[in-house]
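First the structure, which I've put down as structure tokens, then a few questions once you've had a look.
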Amino acid sequence: MTEEHEQILVRKQKLAALKAQGAQPYPNDFVPTHTAAALLTRLAEATAEDLEQHAESCALAGRIMSIRHFGKAAFFHVQDRSGQMQVYVRQGDSPPEAVVLLKDTLDVGDVIAVSGTLFRTRTGELTIKATALRLLSKALRPLPEKWHGLQDVEVRYRQRYLDLIVNPQVRETFRKRAKLIQLIRQFFIDRDYLEVETPTMQTIAGGALARPFVTHHNTLDIDLYLRIAPELFLKRLIVGGAERVFEIGRNFRNEGMSTKHNPEFTTLEFYEAYATYDQLMALTEELFAFLARQVTGSPQVRYGEQTLDFTPPWPRLGMKEALSQQTGLSLDELDDESLVRAKARALGVHIPAAAPLGKALEELFGAVVEPHLIQPTFVVSYPVEVSPLARRNDADPRFVDRFELYVAGREIANAFSELNDPEDQLQRFLEQLQERAAGDEEAHALDEDYVRALEYGMPPTAGEGIGIDRLVMLFTDSPSIRDVILFPQMRAEKK
RNA sequence: GAGCCGCUAGCUCAGGAGGUAGAGCAUCUGCCUUUUAAGUAGAGGGUCCCGGGUUCGAGUCCCGGGCGGCUCACCA
């Protein structure tokens, strides 16, 4: 990274000249007294005359975003974490050192300190008349263009710092992300949940059906897996008597990337003893309505062309019922694996040859039903084969007490009443091992300690996982998961 | 992994049917003491993603590769 085009050379020369004068080019002794937004808000009503009568002084630090020189005066904008403030420098009015510094040394992009007094310009903008200017850090590279900003998505993701400097809506998205996570945390703490952290490096990657990343511990000389879900550890805590726990954290899945998938992603998982999946539907409605109210001020959220309405209650839709509606097959016909497979073939949906009926139903569902579920919808009653950790339905043991929440055509949450019968759990694990032997790399591994934990008795419990990145996408109107992850995974930059 | 699209100055983008590469902003030199996409006169700035090929001649056409985006496949 040593490319030296003209603009970099010019800036380096300015820095060298400053050093030659004996100045400290990277001082760290400046203390801002205000932020731009704090001043703009507090003095929003102050007139030019008010400001003139009691000239208020302030000290701000930030990055120069634009400069308008003309003759013996200049205006420029400084951007700090809160926003932008205009600064005015005028020969004969500001000290000569400030005038010279601005003219000879400062460029757009530089981080500077400004001290001065506030006034209002003819156009009514609150502005600092500089009494002192200092360079705090020289930008040796020019910023992207002021009007079009930074458009190249590759550069935006690879050099997110630039994206954050020049694209205000990006800063806003990540502020909203932080706010949403904070609100979620508050929501569960208010309901007497305990926030916990469980291992991200695990000897058995359990709790979901996915391919894990493998790493190696040198001292122990064992392979470890980056977790694909925290589920089994959180339920161990339920066995341990925690009764209500939640974790917000990173999961890792060694699978494809897309606008909806990043190899590492953030989930919320929460477990509540003595609750059922049915109660979690109500809790989920409450959570989303709360988030919508706090973030957009209404239960309605704009997402692309759609307006999503989170006003409870949301529809409950049986998985097979939904499939029946979309495929024309009757509920009985959906029990016939050959009919289901034939239908999938007719619709161009690929189903692995070894997949059991339940898996086939799930595949078909993903292809023909999911895209239609725009408004928040709970899909209920999943086949037991695709839910090895969920409690069987009392009336029909081929299905489990599980729901998935769909919004904007994608899965946002997955929840079920937990399987707490250790013998059934062991049996389910063994069935998964057979799937694995048959070539399904995503089948669940056998976790003997988890079965042992269940043998000590786990209270009846319901648990849920919510994809935080996807949730943030919904509330920030972001079309790609990369827009809500600060540093999305990218292929290595070729040099 | 497959298909489609993109990659040209620091940034945003033009380059018709192959003929030695352009604009705006930015930069540099001037003028300009309330501007805000300031104005104004001039100047400099290019590995046209990389490597082959066709051709007298390739940013442009062909082949291969790289990186990215979108769609599909798998998943949350």
Side-chain angles (χ1 to χ4, degrees), chain A residues 3-11 13-14 48 65-77 84-94 99 107-109 119-125 127 129 139-159 162 166 207-212 228-229 251-269 348-352 362-363 366-367 370 386 404-406 410-414 440-442 465-471 473 479-482 488 490-495:
Chain A
E3 69 262 50
E4 301 256 299
H5 55 78
E6 182 196 4
Q7 297 192 43
I8 291 184
L9 287 175
V10 167
R11 285 163 181 250
Q13 280 159 15
K14 289 177 176 179
M65 297 304 290
S66 61
I67 307 181
R68 293 171 295 285
H69 281 285
F70 45 113
K72 299 182 174 58
F75 286 94
F76 60 92
H77 275 96
Q84 294 194 357
M85 173 66 73
Q86 183 167 255
V87 181
Y88 182 50
V89 174
R90 186 166 74 158
Q91 198 173 88
D93 209 341
S94 304
V99 175
D107 289 298
V108 170
F119 75 107
R120 213 170 270 287
T121 63
R122 275 179 203 159
T123 53
E125 181 167 349
T127 301
K129 187 176 291 177
L140 297 179
R141 294 172 179 271
L143 292 182
E145 196 225 12
K146 61 185 171 188
W147 189 241
H148 299 92
L150 184 62
Q151 300 291 331
D152 185 324
V153 284
E154 181 171 358
V155 178
R156 287 187 45 222
Y157 296 148
R158 285 194 197 277
Q159 297 179 259
L162 274 185
V166 301
L209 309 178
R211 294 221 309 273
I228 56 175
N251 295 333
F252 308 84
R253 297 190 184 177
N254 203 343
E255 289 167 348
M257 293 157 63
S258 76
T259 48
K260 299 178 196 69
H261 302 84
N262 195 63
E264 52 181 306
F265 61 102
T266 302
T267 58
L268 159 72
E269 283 204 13
V349 179
H350 171 73
I351 292 172
E362 192 184 43
E363 297 277 349
E370 259 184 55
V386 295
E404 288 194 336
L405 169 63
Y406 285 87
R410 58 187 75 140
E411 186 187 338
I412 299 295
N414 177 24
D440 184 353
E441 284 187 73
E442 292 178 357
I466 298 180
I468 294 295
D469 311 285
R470 290 185 178 180
L471 180 150
M473 285 168 70
S480 169
I481 198 167
R482 296 189 190 96
M490 302 285 278
R491 214 175 290 262
E493 206 172 350
K494 267 279 191 142
K495 199 51 200 133

- Message: What's the closest nucleotide to the side chain of A/M490 if the choices are B/C74, B/G68, B/C11?
- Response: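 Of all the options, the side chain of A/M490 is nearest to B/G68.
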- Message: Under 4.0 Å, heavy atoms only, any strand: does A/R491 hit a base, just the sugar-phosphate, or nothing?
- Response: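 Touches sugar-phosphate only.
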- Does a nitrogen or oxygen in the side chain of A/S258 sit under 4.0 Å from OP1 or OP2 of B/A73?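 No, no such contact exists.
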- Query: Roughly how far apart, to the nearest Å, are B/G59 and B/G22 at atom C1'?
  - Reply: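 After rounding to an integer number of Å, I get 12 Å for this pair.
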- Task: Indicate, with a heavy-atom threshold strictly under 4.0 Å, whether A/D469 touches base, sugar-phosphate, or nothing.
- Result: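 Nothing, no nucleic acid heavy atom in range.
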- Sugar-phosphate only, base, or nothing, as touched by A/G149 at under 4.0 Å among non-hydrogen atoms: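 Sugar-phosphate contact only.
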- Message: Taking any heavy-atom pair under 4.0 Å as a contact, classify A/K14: base, sugar-phosphate, or nothing.
- Response: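 Sugar-phosphate only.
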- Main-chain N/O of A/T266 paired to A/D469 side chain as donor or acceptor, under 3.5 Å: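 Present.
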- Remember a base hit wins even if backbone is also touched, and classify A/E125 as base, sugar-phosphate or nothing at under 4.0 Å, heavy atoms.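 Contact class for A/E125: base.
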- Query: How would you label the contact of A/E411 with the nucleic acid (heavy atoms, under 4.0 Å): base, sugar-phosphate, or nothing?
  - Reply: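 If one applies the 4.0 Å heavy-atom cut-off, A/E411 turns out to touch the sugar-phosphate alone, with no base involved.
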- Ring of A/F265 versus six-membered ring of B/A76: centres under 5.5 Å and planes under 30°?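 Yes, the aromatic ring of A/F265 stacks with the base.
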- On the 0 to 90° scale, with breaks at 30° and 60°, tag the A/Y88-A/F119 ring pair as parallel, tilted or perpendicular.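 Rings of A/Y88 and A/F119: tilted, as their planes differ by 30° to 60°.
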- Contact class for A/F76 (heavy atom, under 4.0 Å): base, sugar-phosphate, or nothing?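 A/F76: no heavy atom of the nucleic acid under 4.0 Å.
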- Nearest listed nucleotide, side chain of A/Y88, among B/A26, B/C11, B/U34: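 Side chain of A/Y88 sits closest to B/U34.
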- Check every strand shown and say whether A/Y406 touches a base, only sugar-phosphate, or nothing at a heavy-atom separation below 4.0 Å.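 No contact at all - A/Y406 keeps every heavy atom at 4.0 Å or more from the nucleic acid.
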- Minimum-distance nucleotide to A/F70 side chain [options: B/C67, B/U34, B/C11]: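 Looking only at side-chain atoms, A/F70 lies closest to B/U34.
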- Find which nucleotide of RNA chain B each of A/R120 and A/D152 is nearest to by heavy atoms, and output the residue with the more 5' nucleotide.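 Its nucleotide being nearer the 5' end, the pick is A/D152.
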- Looking for any heavy atom pair under 4.0 Å, which part of the strands does A/E6 touch: base, sugar-phosphate only, or nothing?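 Here A/E6 touches the bases of the nucleic acid.
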- Query: A/F119 CZ to B/U35 C1': how many Å, rounded?
  - Reply: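 The answer, rounded to whole Å, is 10 Å.
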- On a whole-Å scale, what distance lies between the C1' atoms belonging to B/G16 and B/C50?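 Going atom to atom, C1' in each nucleotide, I get 27 Å.
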- Please determine, for the side chain of A/S480, which listed nucleotide (B/C70, B/U35, B/C11) has the closest atom?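 Ranking B/C70, B/U35, B/C11 by closest atom to the A/S480 side chain puts B/C70 first.
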- Message: Mind checking if A/S66 touches a base, just sugar-phosphate, or nothing, with heavy atoms under 4.0 Å?
- Response: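 Nothing, no nucleic acid heavy atom in range.
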- Message: For the C1' atoms, the ones on B/G19 and on B/U60, what distance do you get once it is rounded to whole angstrom?
- Response: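 The same atom, C1', in both gives a distance of 11 Å.
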- Message: Please pick, from B/U34, B/U33, B/C11, the nucleotide with the shortest atom-to-atom distance to any side-chain atom of A/P144.
- Response: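 Closest nucleotide to the A/P144 side chain: B/C11.
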- Message: Once you apply a heavy-atom cut-off of 4.0 Å, does A/E255 come out as touching a base, just sugar-phosphate, or nothing?
- Response: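 Sugar-phosphate contact only - A/E255 comes under 4.0 Å of backbone atoms but never of a base.
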- Query: Where does B/G45 fall, syn or anti, if syn means a chi angle no more than 90° from 0?
  - Reply: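 B/G45: anti.
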- Query: With a 4.5 Å limit on heavy-atom distance, are the side chains of A/R253 and A/F265 in contact?
  - Reply: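 In contact.
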- Between B/G15 and B/C7, how far apart are the P atoms? Round to whole Å, please.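 Looking at atom P only, B/C7 and B/G15 are 10 Å apart.
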- Looking only at atom types and distance, does a side-chain atom of A/E255 sit under 3.5 Å from a main-chain N or O of A/R211, one as donor and one as acceptor?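 Yes: the side chain of A/E255 pairs with the backbone of A/R211.
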- Query: What is the nucleic acid contact for A/E269, judged by heavy atoms within less than 4.0 Å: base, sugar-phosphate only, or nothing?
  - Reply: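 Result for A/E269 = nothing.
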- Message: So, does A/R482 get its side chain near the phosphate of B/G68, meaning an N or O under 4.0 Å from OP1 or OP2?
- Response: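 Checking B/G68 against A/R482, no side-chain N or O comes under 4.0 Å of OP1 or OP2.
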- Query: When all nucleic acid strands are considered with a 4.0 Å heavy-atom cut-off, which category describes A/N262: base, sugar-phosphate, or nothing?
  - Reply: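 Base contact.
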- Message: I'd like the C1' distance from B/G10 over to B/G46, given in whole Å.
- Response: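 Per the computed distance, 12 Å lies between those C1' atoms.
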